[in-house]
Amino acid sequence: MTIRVANAPVNFGIYQPDSAPFTAPELLAALADAGYAGVDSGPIGYLGTGDTLRARLAETGLHLAGGWVDLRFTDEDGWREDLAGLDAALDVFTAVEVDDPRFAPRPTLSLPADPVRFARPGLALGGIEDRSGFARRLQATADRCRDRGLEAVYHHHLGTLVESEAEVDRLLDATDVSLCLDTGHLYLAGGEPLSALRRWAPRVKQVHIKDGSRALTERCREAGLDFDRLVAEGGFSVLGEGDLDPADTVAVLREIDYTGWVVVEQDAPANGRAPASLLADQCTNRAALRKAGL
């Protein structure tokens with residue numbers, strides 16, 4: 001097992017490049033001080049691009065773990081339009097220094113939110129109608145990343161049309177695309193992250209480690225709260241304070257001899273939380289993983 005631990009701007013509610021509680025240099029310095037080895041890109045442009053990004057990473061000793069790119073895989077015209085955003089992200093990812101190819105940035109692919117599922121996250125309401133078209137477009141996207149020298153990973157996500165274990169199984173059966181297993185999103189969608197990690201081990205090329213509470217998720221659904229409100233209510237907790245023990249996840253990573261990035265994610269609302277408390281959570285999360293052996 002060879003693992004590096006990264007953090008992500010999503011933990012600070014950073015969803016737009018120009019709306020953040022920290023400047024990029026401030027965030028990178030804080031994460032390096034907390035003991036992280038890498039960082040997710042967050043919204044493309046927030047950390048900088050080209051020479052600026054390379055210099056900021058070099059100054060802090062951090063590496064780029066990857067970054068989120070959603071595409072409309074269920075719609076041919078929308079998907080083709082979204083490829084320009086993918087190419088822009090790949091330009092950023094391929095321009096950074098990589099000291100070990102096993103830790104090259106992972107383009108993290110997903111679908112945009114589905115309105116019905118976003119309103120009732122975790123219930124897998126409805127589904128993908130054109131599965132063959134979805135699989136074809138996803139495969140073509142992963143191949144496009146490979147042509148640029150990067151291995152993409154698909155991220156199942158609450159509020160989208162790929163939430164449940166069964167839906168991930170269908171995706172893996174229909175493509176050769178690698179997987180980003182997110183422990184929190186899978187768990188709150190009714191899945192079992194540890195058994196899934198064992199079962200999908202050959203395809204797992206990135207892990208997002210999260211914690212969460214099914215009881216809180218159910219209460220939010222009963223109250224009619226959507227995914228954003230679930231996040232604001234603390235649906236993803238500090239590691240070890242929800243239902244999932246990070247030590248159990250680390251034990252399975254050792255068992256399957258996982259090599260790659262483990263990205264800490266504790267999705268935060270875009271506003272409403274003090275920057276100091278957000279940073280304190282990520283220091284606590286790093287300490288929890290250190291205690292678990294990472």
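Each residue takes its place number in the sequence, starting with 1. None of the values given here were measured: they were computed from a predicted structure.
For E97, the CD atom counts as loosely surrounded, since its 6.0 Å shell holds 12 or fewer non-hydrogen atoms of other residues, nucleotides or ligands. Within a 6.0 Å radius of CD in Q16, other residues, nucleotides and ligands contribute 12 heavy atoms or fewer. Within 6.0 Å of atom CG in N271, 12 or fewer heavy atoms from other residues, nucleotides or ligands are found, so the atom counts as exposed in its surroundings. More than 12 heavy atoms of other shown residues, nucleotides or ligands fall within 6.0 angstrom of atom CZ in R203.
Using a distance-only test at 3.5 Å, with no hydrogens or angles considered, no donor-acceptor pair links the side chain of R72 to the main chain of D82. Of the possible polar contacts, one joining the D211 side chain to the G240 backbone as a donor-acceptor pair under 3.5 Å is found. No donor-acceptor pair closer than 3.5 Å links the side chain of T183 to the backbone N or O of P193. Side-chain N or O atoms of H185 include one that pairs as donor or acceptor with a backbone N or O of L158 at under 3.5 Å. Y46 contributes no side-chain N or O that, together with a main-chain N or O of P9, makes up a donor-acceptor pair within less than 3.5 Å. Using a distance-only test at 3.5 Å, with no hydrogens or angles considered, a donor-acceptor pair links the side chain of T108 to the main chain of R106. The main-chain N or O of T160 is found under 3.5 Å from a side-chain atom of R117 such that the two form a donor-acceptor pair. Under a 3.5 Å cut-off, the side chain of R286 and the backbone N or O of A34 do not form any donor-acceptor pair. A donor-acceptor pair under 3.5 Å is formed between the side chain of T23 and the backbone N or O of E26. In this structure, Q206 contributes its side chain and A65 its backbone to a donor-acceptor pair below 3.5 Å.
Here the side chains of F134 and V162 are in contact, with some heavy-atom distance below 4.5 Å. Counting heavy atoms from C-beta on, the side chains of V96 and P105 come closer than 4.5 Å. Using a 4.5 Å heavy-atom threshold, the side chains of R229 and C220 count as separate. Between L125 and D114 the shortest side-chain heavy-atom distance does not fall below 4.5 Å. Within the 4.5 Å cutoff, the side chain of L57 has heavy atoms near those of the V39 side chain. Looking at W200 and D169, their side chains come closer than 4.5 Å, going by heavy atoms from C-beta outward.
There is a path of hydrophobic side-chain contacts, each under 4.5 Å, that joins L294 to I256. In this structure, V231 is not a member of the same hydrophobic cluster as V264, with clusters built from ILVMFWY side-chain heavy atoms closer than 4.5 Å. No path of Ile, Leu, Val, Met, Phe, Trp and Tyr side chains, each step under 4.5 Å between heavy atoms, connects L83 with V153, placing them in separate hydrophobic clusters. When hydrophobic clusters are built by joining Ile, Leu, Val, Met, Phe, Trp and Tyr residues whose side-chain heavy atoms come closer than 4.5 Å, directly or via intermediates, L109 is not grouped with V263. Under a hydrophobic clustering in which Ile, Leu, Val, Met, Phe, Trp and Tyr are joined whenever their side-chain heavy atoms come within less than 4.5 Å, directly or via other members, V207 and L64 fall into the same cluster.
Between W261 and F103, the ring-plane angle classifies as perpendicular under the 30° and 60° cut-offs.
For the residue pair G212 and L188, the shortest heavy atom distance occurs at C-CD2, 4.2 Å. Considering all non-hydrogen atoms of both residues, P246 and L244 come closest at CD-O, 3.5 Å. A pairwise comparison of heavy atoms in G42 and D40 identifies N-OD1, 2.9 Å as the closest pair. Across all non-hydrogen atoms, the minimal contact from A152 to A142 is CB-CA, 4.4 Å. Contact between C145 and L90 at its shortest, heavy atoms only, is SG-CD2, 4.0 Å. Nearest approach of R214 to G190, heavy atoms of both residues: NH2-C, 3.4 Å.
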Between W68 and H157, is a ring-ring contact (aromatic ring centres under 6.0 Å, His included) present by the stated rule, with each step listed?
CA-CA 12 Å; W68 183 272; H157 199 284; 5.3 Å; yes

Checking L27 against I14 for the side chain to side chain contact (heavy atoms under 4.5 Å, CB included) test, could you report, in this order, the C-alpha distance in whole Å, the side-chain angles of both residues, the deciding distance, and whether it holds?
CA-CA 11 Å; L27 183 66; I14 300 171; 4.2 Å; yes

After noting the C-alpha distance and the side-chain angles of F73 and L161, does the key distance pass the side chain to side chain contact (heavy atoms under 4.5 Å, CB included) rule?
CA-CA 10 Å; F73 293 112; L161 291 173; over 6 Å; no

Can you check side chain to side chain contact (heavy atoms under 4.5 Å, CB included) on T175 and Y154, steps first, answer last?
CA-CA 11 Å; T175 70; Y154 189 87; over 6 Å; no

V10 and Y15: side chain to side chain contact (heavy atoms under 4.5 Å, CB included), yes or no, with the steps?
CA-CA 7 Å; V10 70; Y15 301 99; 3.5 Å; yes

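Note: L186 CG to H155 NE2 = 10.5 Å, rounded to the nearest 0.5 Å. Rounding to the nearest 0.5 Å gives a distance of 4.5 Å between OG1 of T249 and CD1 of I209. Atom CH2 in W79 sits 10.0 Å away from atom CG in L138 (nearest 0.5 Å). Taking CG of L253 as the reference point, atom OG1 of T2 lies at 12.0 Å (rounded to 0.5 Å). Atom CG of L71 and atom CD of E81 lie 11.5 Å apart (nearest 0.5 Å). A distance of 5.0 Å separates CZ of F12 from CD of Q282, quoted to the nearest 0.5 Å.
E165 pairs in a side chain to side chain donor-acceptor pair (under 3.5 Å) with only one of the listed residues (R170, R199, H156), which is R199. Each of N285, T284, N11 was scored for a side chain to side chain donor-acceptor pair (under 3.5 Å) with Q266, with one residue passing: N285.
Using modelled atom types and a 3.5 Å distance limit, the side chains of S132 and D130 yield a donor-acceptor pair.
Salt-bridge annotation for R221 and E218: present, with a side-chain N of the basic residue lying under 4.0 Å from a carboxylate O of the acidic one. A salt bridge is defined here as a Lys NZ or Arg NE, NH1 or NH2 lying under 4.0 Å from an Asp or Glu carboxylate O, and E163 with R120 fails to meet this definition. A salt bridge links D143 and R146; the closest N-O separation between the charged side-chain nitrogens and carboxylate oxygens is under 4.0 Å. Of the charged side-chain nitrogens involved, none lies within less than 4.0 Å of a carboxylate oxygen, so that D75 and R137 do not count as a salt-bridged pair.
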